[in-house]
Amino acid sequence: MTQSRPAASPETDELVPVTTTINGRKWSGAVRPDGTLLDLLRDEIGLLGTKRGCEWMSCGACTVIVDGRPVSSCGFFASDVDGLSVRTVESLADEDGRLTPLQQAFVENVASQCGYCTSGQLMSATALLESGTRPSRTEIQRWMQTNLCRCASYAGILAAIETAVDVSFHEQNSELNE
Amino acid sequence: MKLVRPLTFVDAVAQLHRDPEGTRVFSGGIEIGFALRRGSISAAVLLDVKRLPDITGIAATTGEVRIAPATRHHTISVDHTIRAQLPSLALACASVGSTRIRMQGTLGGNFGHGHQHTDPGAAAVALGGHVDLMGPNGARSVPVDRFWLGPYTVARRPDELITGIRLTPLGDGWTVVHDRVEQLHRPPDAVVSLGARLEDGVVADVRMGAGGVPMRPTRLTGVEDVIRGQRLAALRGVWNDVEKELAADVAPEDDLLGSAEFKLALLSGLVRRAFSRLAAVRDPARHPWPDVELLG
């Protein structure tokens with residue numbers, strides 16, 4: 001279910017220069033004034049892990065992290081990432097393909113079926129894990145409330161995030177005790 | 001269409017003065033972006049206010065708290081000054097949209113958009129305060145309860161910018177509740193922001209703001225007058241009077257969301273639930289704040 005394409009005529013738009021860091025790499029280019037971050041990531045840069053869902057900031061499939069904040073890239077002006085850093089799902093596993101504890105927990109808890117929402121779920125949960133707080137189950141549910149999963153894998157997703165929270169705080173405590 | 005990012009208020013207002021109808025102001029850009037992509041509005045210029053000086057931030061001054069317009073909902077909902085002095089606004093901002101929307105949307109954007117289904121608007125009219133505006137003829141302030149004029153219509157003139165929102169703390173001894181009737185993926189059908197000062201089980205003072213059902217966020221002064229001085233545990237006894245005043249305060253209209261009668265019943269039930277929740281608050285100073293704080 002996608003929205004209709006922009007009514008504005010691209011040929012009359014004045015392109016906006018943008019310099020940003022995407023997944024640790026500098027990117028410079030030009031975007032339309034009303035262009036979305038989702039279009040930039042997928043259509044311009046080719047990072048297809050970020051999924052196009054409702055295009056209404058409702059489903060969370062397109063969630064990315066901008067300067068530490070989870071945002072819906074479908075409702076975020078591409079021009080607004082100028083000078084900021086963007087992280088997509090492609091940034092999570094390392095170059096050797098080693099998964100983050102959160103990704104590993106998603107696998108172990110069978111937290112996806114079709115997988116379409118998974119990248120958005122991962123990015124929302126990653127931002128929560130990086131908040132430095134130890135979220136309760138209620139706080140996790142509230143944080144993730146509008147990251148929708150049409151396959152209804154919510155129990156697995158919640159279990160995976162709780163597992164990753166436990167791993168994350170166990171690692172932090174281990175570091176403190178060393 | 002072109003993007004303009006002024007660095008001074010003078011430049012921003014000059015742009016608005018040159019082309020007030022063709023210029024669209026944005027900070028988070030959520031509503032403007034959707035409306036543009038949907039084709040329901042057009043713009044010659046998108047005016048990005050995020051690079052203006054002091055356009056974000058929260059400051060407590062004597063008798064009020066000033067919130068700069070580009071301050072995001074999430075920032076407000078977790079801010080310690082807001083939680084201490086304007087807890088109802090913290091709860092309202094924590095209710096807006098979703099985590100992702102709160103990370104992007106701003107208080108000034110919410111006000112300027114003029115939607116009557118607004119959580120922060122309901123809290124703001126209950127608190128009282130002013131919206132500061134700047135235009136080509138200088139600065140002016142509008143009392144917050146006169147800022148919303150109707151659906152998507154506010155007192156900001158097309159060539160003005162919102163420069164600040166100043167709200168008045170209720171003070172010590174107040175308990176607050178924010179409650180709403182919501183359906184996923186839709187703005188709340190009804191919103192109530194409730195503050196009450198209780199003395200030995202009696203509602204010594206009360207403030208209430210409603211959104212969604214009235215055509216603009218509205219303070220429920222008639223309802224407040226009925227409830228003030230009543231025992232919290234005995235409000236059922238005055239509920240007929242409450243409903244009469246509620247109808248007069250909010251004057252709902254039939255629309256696609258329901259009949260006026262239905263909306264009034266919805267709001268009545270919500271107000272009742274808000275008072276039940278208020279009665280259940282054991283320690284107003286230790287709110288279970290709903291939003292998780294992000295580092296940085």
Side-chain angles (χ1 to χ4, degrees), chain A residues 3-10 12-17 31-36 39 54-60 62-77 79-80 82-83 120 123-124 127-128 130-136 138-140 142-148, chain B residues 1-5 22-24 26-51 70 72-75 77-78 94-106 109 182-187 288-296:
Chain A
Q3 304 297 317
S4 58
R5 293 285 90 200
S9 48
T12 63
D13 288 343
E14 200 171 281
L15 294 179
V16 183
V31 300
R32 287 179 51 194
D34 62 344
T36 67
D39 288 343
C54 66
E55 293 196 79
W56 198 248
M57 290 186 81
S58 289
C59 74
C62 68
T63 305
V64 299
I65 298 176
V66 175
D67 267 17
R69 295 177 288 134
V71 299
S72 296
S73 58
C74 72
F76 201 94
F77 284 135
S79 60
D80 271 347
D82 185 45
M123 297 316 286
S124 279
L128 177 60
E130 292 175 353
S131 72
T133 59
R134 179 163 197 159
S136 65
T138 305
E139 286 171 331
I140 294 171
R142 186 176 148 75
W143 184 274
M144 302 295 296
Q145 194 174 23
T146 54
N147 275 88
L148 302 185
Chain B
M1 187 191 310
K2 70 173 181 177
L3 179 70
V4 173
R5 291 167 168 152
T23 303
R24 301 283 179 180
F26 80 96
S27 177
I30 295 172
E31 300 292 352
I32 291 280
F34 283 136
L36 284 170
R37 288 188 285 279
R38 202 169 46 213
S40 57
I41 63 168
S42 60
V45 170
L46 288 179
L47 190 72
D48 179 357
V49 297
K50 290 190 291 297
R51 298 185 185 190
R72 297 186 194 107
H73 297 300
H74 181 263
T75 305
S77 76
V78 302
S95 302
V96 173
S98 64
T99 302
R100 301 181 305 278
I101 287 174
R102 292 192 292 277
M103 294 286 170
Q104 183 179 342
T106 66
E182 61 183 330
Q183 299 179 54
L184 198 59
H185 297 172
R186 275 175 46 175
W289 300 111
D291 263 2
V292 173
E293 221 169 319
L294 278 185
L295 285 179

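Just so it is clear: chains get the letters A, B, ... in the order the sequence lines come, proteins before strands, and each one is counted from 1. All values below were derived from every heavy atom in this structure, side-chain atoms included, with hydrogens, water molecules and symmetry-related copies excluded.
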Note to self: At a 4.5 Å cut-off on heavy atoms, which part of A:V71 comes close to chain B: side chain, backbone, both, or neither?
What the structure shows: both
Next item on the list: Heavy-atom distances under 4.5 Å only: say whether A:D67 touches chain B with side chain, backbone, both or neither.
Entry: neither
Notebook entry, point to check: B:F34 and A:E55: which non-hydrogen atoms are nearest, and at how many Å?
Noted result: CE2-O, 3.4 Å
Notebook entry, point to check: Given that the side chain runs from C-beta out, which part of B:S42 has a heavy atom under 4.5 Å from chain A: side chain, backbone, both or neither?
Noted result: neither
Item checked: CD on B:Q104 to CE on A:M57, rounded to 0.5 Å -> 4.0 Å
Notebook entry, point to check: Checking B:R24 against chain A: side chain, backbone, both or neither under 4.5 Å from a heavy atom?
Noted result: neither
Notebook entry, point to check: So with a 6.0 Å cut-off around NZ of B:K2, is the heavy-atom count from everything else above 12?
Noted result: no
Checklist line | Atom group of B:A94 that falls short of 4.5 Å from chain A, counting heavy atoms | finding: both
Notebook entry, point to check: Which answer fits B:L46, side chain, backbone, both or neither, if we ask what part of it has an atom under 4.5 Å from a heavy atom of chain A?
Noted result: side chain
Notebook entry, point to check: Given the options A:Q145, A:R142, A:E139, which has more heavy-atom pairs under 4.5 Å with chain B than any of the others?
Noted result: A:R142
Check: With side chains defined as the heavy atoms from C-beta onward, is the minimum distance between B:F26 and B:L47 less than 4.5 Å?
Finding: no
Next item on the list: Identify the heavy atoms of B:S27 and A:D80 that sit nearest to each other, and give their distance.
Entry: O-OD2, 3.8 Å
Check: Pick from A:T146, A:T36, A:V66: which one has the most heavy-atom pairs with chain B under 4.5 Å?
Finding: A:T146
Notebook entry, point to check: What do the steps show when you test A:D39 against A:R32 for salt bridge (charged side-chain N to carboxylate O under 4.0 Å, His left out), and what is the final call?
Noted result: CA-CA 10 Å; A:D39 288 343; A:R32 287 179 51 194; over 6 Å; no
